[in-house]
Amino acid sequence: MQPTIASLRRALEHAESYLESLPERHVASKASVEQLRQRLDVGLQQHGVDPQRVLDELVAGVDEGLLASGGGRFFAWVIGGALPSALAVDWLTSTWDQNAAMGSCAPGAAVVEELAGTWFKELLGLPREASFAFTTGCQMAHFTALCAARHALLARAGWDVNEEGLFGAPRMRVLTSDCRHGSVDRALRFLGLGRRQLISVRSDGDGRVDPRAFEAALRSDSAPTVVVLDAADLNIGACDPFETLIPMAQEAGAWVHIDGAFGLFALASREKRELVKGVLLADSWATDAHKWLNVPFDCGAAFVRDARAHREAMNISASYLVAEGELRDQIDWNPEWSRRARGFPVYAALRELGRDGVESMVDRCCGHAVRLVQGLAQLPGVEVLWHPTLNQGLVRFLDPGALATEAQHDARTDFVIEAVNASGEAFFSPTTWRGLRAMRISVVNWQTTEEDVRRSVEAVAEVLGRA
Ligand SMILES: *Cc1c(COP(=O)(O)O)cnc(C)c1O
């Protein structure tokens, strides 16, 4: 057998045993860092080994260091799973090994990516004329869209940032929520907009930017302004009042960008769409396919209403014009040069699910999040900090001592999370929200079932019962 095919067959066998083990697998990693290093560090050898041996030994070495994040009882961070067609097509993407930088060097990939981008816009109801780019993740989607924002705002102020860079450029500023994700700050930093240019606007009790505080901040300065709003925030899935804020910002000449890493998918659900009302008024949007669309890592997506600004900010060719019918050159829209054909798994996921499938996945995840939090709320010593409005909830665990302090409740919360994770039954991550330690519940995987929800509540009950 040809060695590549033999290796792929072997990989399929390993994948089969992994995927078959997934529903009952210990969700957390079982090996210590030391053990993993010991198992995997064979040193760089002088002579190579047989490809199948490479596979077998890597699998054996890493197995206990894997988190079963693709399974149904993983609720930490906001991770997402992998749909059957998306995972399989991701394998083919590696097999085909196209360099999806330019149309001429990967024509099939260019056409598929163009369709995937168009369908993605249709799914969410984004403007037809908006341009797009499939990036490594939402942070790089921020970078891409905000690069277009910087370009357009500075051009309006008479400054060509491609030519002059930022030395001597008009000062810019960024208004954003105090609940924003750290990836916004980092994308801005890469763009030369440091912390001092960032103004955090106060959010209200529901985690939404306060319109009055926003208006005051908007009016306080006439510098070119980028506004970054949340759809939705990481802890509680709070969505800013777009209908009020976006027209106000645009009236003042600002560019409005949306961090919609997972929350933008509310647009695909008739039940949840109301939460992000007005979000389509924005100038650019960043989201992830590797979160709620459940394609394998990695894939984010940027959408920019002003396609010309996007292309001018990113392109490498002299011409700013794209001829009708021309094969798409991703390099003119993406920050990377050589790149993986990320459109393939997105195309597959959108075909596998269709509009109905995405909607029902979103609704199902939201329903599970509600039931998980409701189930936990029944347990002794559980305080619900946030009942999910979307797919994110927060609870904390109270120290039973009559005179217990906040610090003790925090410690109890961390202890319970660690014990649940150590049980291997379910996996959650801690967060600090409004000064309190909390356990975050994020449901964003097609695999999660009612039974997973029941088992996860029971895993927490079990820990509370013994300590
Ligand atoms: C995950 C996340 C990000 C960062 O996305 P990456 O794909 O990890 O780059 C940004 N914002 C929010 C709200 C997120 O949940």
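Read the numbers this way: they start at 1 and go in the same order the structure lists the ligands and their atoms. Everything quoted here is computed from the prediction, not taken from an experiment.
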For this session: Indicate yes or no: does Glu451 engage Arg454 in a salt bridge with an N to O separation below 4.0 Å.
Result: yes
Seminar exercise, completed: Sorted by chain and residue number, the residues with a non-hydrogen atom under 4.0 Å of ligand 1 are Gly137, Cys138, Gln139, His181, Ser183, Ala232, Leu234, Asp259, Ala261, Phe262, Asp288, His290, Lys291
Exercise. Crowded around Arg37 CZ? As in, over 12 foreign heavy atoms under 6.0 Å?
Worked result: no
Problem set entry | Nearest heavy atoms of Cys105 and Asn99, plus distance in Å | SG-O, 3.0 Å
For this session: Might you confirm whether atom CH2 of Trp96 has over 12 heavy atoms from other residues, nucleotides or ligands at distances under 6.0 Å?
Result: yes
For this session: May I ask you to say whether Asp363 pairs ionically with Arg270, meaning some side-chain N is under 4.0 Å from a carboxylate O?
Result: no
Exercise. CZ of Arg364: more than 12 outside heavy atoms within 6.0 angstrom?
Worked result: yes
